[in-house]
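None of these values were measured; they are calculated from a predicted model. First listed ligand is number 1; within each ligand, the first listed atom is number 1. Residue numbers run from 1 in the order of the sequence given.
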Amino acid sequence: MNERFRPERQRMNRRLLLPALAALFILFACAPVARAAWRAAGDVKTFVRQADGVVLVLTSGARVAVTFSDLETVRVRLAPAGKFERDFSYAVEPKDRKTVKANVTETRDTIKISSFNGASVVIRRRPFLVTVFDDAGRVVSEDDPARPASFDAETGAVETSKRRAEWEVYYGLGEKAGATHSRDTQQFVMWNTDTYAYPRGLDPIYQSIGFFIALRNERDAQGAAHAAAYGIFLDNTSRTYFDMGKTDPARLTFGAASGELNYYVFTGGRERTPKNVLRDYTDLTGRTPLPPVWALGNQQSRWAYSPESQVRAVARGFRESRVPADVIYLDIEYMDGYRIFTWDKTRFPDPVKLIADLRRDGFRVVVIIDPGVKADPNYSVYQDGQRLGHFVKTAEGRELNAKVWPGVCAFPDFTDAAARAWFGSLYQKNLDEGVAGFWNDMNEPGVFLDDKTPKPDIYHHPLKTFPLTARHAGDGQPGTHARYHNVFGMQMARSTFEGLKRLRPDARPFVLTRAGYAGIQRFSAIWTGDNVASWDHLRLSIPMLLNLGVSGVALIGSDVGGFSGNPTPELYTRWLQSAALTPFLRSHSEWGSNPHEPYSFPKEFTDINRASVELRYRLLPYLYTLFQEHTETGAPPMRPLWFEYPSDDRTYLIEDEYLVGRDLLVAPVVTESVVKRRVYFPKGDNWVDWWTGQTYEGGKDAEVDAPLARLPLYARAGAVIPTQPVVQHTGEMQHAPLTLVVVRGASGAGTLYEDVGDGYEYLRGSSRTLAATQEGDTLKLTRRGAYNVSRPLAAVEYLGLAAAPRAVRVAGRAAANATFDAATRRFNVPLPAENVEEISLVP
Ligand code: MIG
């Protein structure tokens, strides 16, 4: 700016000041009442101590509880109207929790609460502001003094803001089609919505999981990088929002349309690692129970395989083409007029026989069950639901009716325990017929617009769901649809899961849901809804799944090939390759689309597709072990690089690579016609090419070859990865001999977890683990557990050796039959039948 104009400008400013003030005054005086009703929560007036924290009364009349939910987790609960509701949450897993004793001290300006040896909180009194500290006394998260907690007494809306470092990034928030992998400087809303063919960036879509992990890198005096992570979970089932520094990079803001501002701050303990944060979040909201092993097999769906001859043809297609597969899905067309729990008698004359035949061939059948019950007075499910009073009612107390596939429907109130139990019991029929698992769709809930609906038919058309005034039981806290919309889908999946567990206590339920809320991982797998057959959607699927995984959901996947539209053979092949090691692997496509079976493309593609699925089946022992690990730690099987390498900030923005557990790095090609790509190898480990045995140094990029037939895949030096031979379905795993892939180049360890693959005997001791430790040239094997099955450890295979070693000793004796393959740098050592405990290379 030119200096000469300055004085002139200032004069003008002064001349404008008065009228501007007047205008501002008028503006405020006329502002809509709702906005004017926002007020700050105020100062602390009084407080009382509780065993686990304090309860404060603020000058606005609001009441706040600040407590420890565990040693490293702080809970803040603000009731604007001064009265707490009963303490109930759909997200929090019901279980016995120890009360964490809080030590409370006060000064004139502050109240401090600390947990013994854990986190602490300082509450400023004027105004009320919260600062959370970690075990070591470092600030984790602090209220923004410029925007203290506030609420709108008229609408019931609540909001708070936290200070934000401008280089802080965020992950999680469930299933989001966000523009980038990290959620910084973006804004999100939670409102479950059926968003057919959603484009990148559309928000919200199907799920509401208001939990995120914040991550930033700090340098100490010596210049060394230290990651500092923490997490926040807003537990409020009404419409909520998260502004991650978009409106103002100096703060992040979150709030809810009504209800309590009820949130948790996970400090991550002394290490402040993302792993600790997710462990604590999943300790609160639960973890995915070990799935039946068949649910980790390859799955095939389509809208729709019908009539039954087509289902049989698909099963035959897999077995004849030798593409392994475990599951076939039946979409809505199997039913009689879309009536749930029925069959179309012409298209599926004998479902019991069909399912039994498929089962003999190693296939399980999963059928779709929607929440809409056809309002047909001659239909028993409708009659029972009506008679028992299980359907959602309108504000006027009449049965709520809306159109979906079956025509006019009524909807069970899944927020009512009795309705959930009733609906859960209906699955008996399908179970008796042999159905193995269930797919709950349209449970946002989504309903159809009719001809009279005001257009355009936008993604978030308000009439695409129930009226906000509809009534729900809320498990003892009756409320409107506005309040319970976001848990409808989760509670449906819960009703399915709990029903299956009751009806078939010896089998692990498999449930797949489109909609959900925080804690959904306890009941169901999630797929990312109606994606599109485009390269951009393939690219998008990776950050979507990574963020969903660090939101606590383990069993996740996207429709391979894209639901809407038709992939080129190349796109399908790259998609299957990219997805081969994602937790839940299923191809699915919409009505009228071209065939999407992996074998339905020209031969050169089918061959590659087969190899992709074979890779998955070879690695199933490793994948299954990761699911067992998830039950103990909450770590997702599919992980972002930063999850394991939080101190390496090069990993933070990577969204086209992922880790499977700690030990496998996948760098798929997600761009058309590309046959080379750059791969970043996270710092601190070396990485060995799965196919060539070539070693790459961590902390560096490399350009690698990735012809269509090649998935760039790397194993961490030091790892020991359990594998098995290719099988056509998981039923063939029982006796398949195992091979441990021992990745050379560092000391390290690996585990194999095994059990019978279904049921609950594993909880009664019927499981075993094999721990393998590499120390220098020696591999030690330790076995634990009582599970007895003839699944021999047939070989160890060293990966990444430059040359064959001079000798190898198995249990002290020289092994004669080892072989070295120079092209793959793999050295295979067959093992004798008895349990070997030590294998040594003599280089
Ligand atoms: O209105 O059941 O996302 O996977 O194939 C569409 C038919 C209903 C939406 C699901 C999709 C499924 C389709 N459903």
- [ ] Could you list the atoms of ligand 1 found under 4.0 angstrom from a heavy atom of I332?
- [x] 2 (O), 7 (C)
- [ ] Quick one: sort the H481 and W191 rings into parallel, tilted or perpendicular, breaks at 30° and 60°.
- [x] perpendicular
Open item on the list: Is it true that R302 and S593 share a donor-acceptor pair across their side chains at a distance under 3.5 Å?
Closed with: yes
Task: Polar side-chain atom of D326 near backbone of T730 as donor-acceptor pair, under 3.5 Å - done: yes
Open item on the list: Just to be sure I read this right, does ligand 1 sit under 4.0 Å from the backbone of H588, its side chain, both, or neither, counting only heavy atoms?
Closed with: side chain
Open item on the list: Tell me whether R586 has any N or O atom under 3.5 angstrom from an N or O of ligand 1.
Closed with: no
Open item on the list: Which of the numbered atoms in ligand 1 are under 4.0 angstrom from any heavy atom belonging to R514?
Closed with: 3 (O), 9 (C), 10 (C)
- [ ] Measure Y206 to ligand 1 on non-hydrogen atoms and call it side chain, backbone, both or neither using the 4.0 Å cut-off.
- [x] neither
Task: G519 backbone acceptor or donor facing Q521 side chain under 3.5 Å - done: yes
Open item on the list: For T513, is there any backbone N or O sitting under 3.5 Å from a side-chain donor or acceptor partner on Y206?
Closed with: no
Task: Interfacing atoms of ligand 1 (cut-off 4.0 Å, heavy-atom, I368) - done: 2 (O)
- [ ] May I ask you to identify the nearest protein heavy atom to atom 3 (O) of ligand 1, giving residue, atom name and distance to one decimal place in Å?
- [x] D530 OD1, 2.5 Å
Open item on the list: Can you tell me if W591 contacts ligand 1 (heavy atom of the residue under 4.0 Å from the ligand)?
Closed with: no
Open item on the list: Just to be sure I read this right, does ligand 1 sit under 4.0 Å from the backbone of Y196, its side chain, both, or neither, counting only heavy atoms?
Closed with: neither
Open item on the list: At less than 4.0 angstrom from any non-hydrogen atom of D331, what atoms of ligand 1 do you find?
Closed with: 2 (O), 5 (O), 7 (C), 12 (C)
Open item on the list: Any heavy atom of W439 closer to ligand 1 than 4.0 angstrom?
Closed with: yes
TODO: Not counting sequence neighbours, which residues clear side-chain contact (heavy atoms from CB on, under 4.5 Å) with V323? List them please.
DONE: N298, F318, S321, P598, Y599, R610, V613
Task: Top protein contact for atom 1 (O) of ligand 1, by heavy-atom distance - done: W405 NE1, 3.0 Å
Task: Nearest-0.5 Å distance that lies between atom CD1 in I205 and atom NZ in K176 - done: 7.0 Å
TODO: Counting heavy atoms only, name the option from V447, D370, D441 that's nearest to atom 10 (C) of ligand 1.
DONE: D441
- [ ] Test the R183-F242 pair against the cation-pi criterion, namely NZ or CZ under 6.0 angstrom from the six-membered ring centroid and within 45° of the ring axis.
- [x] no
TODO: Check W405, Y196, Y329 against W303 for a ring-ring contact (aromatic ring centres under 6.0 Å, His included) and give me the one that passes.
DONE: W405
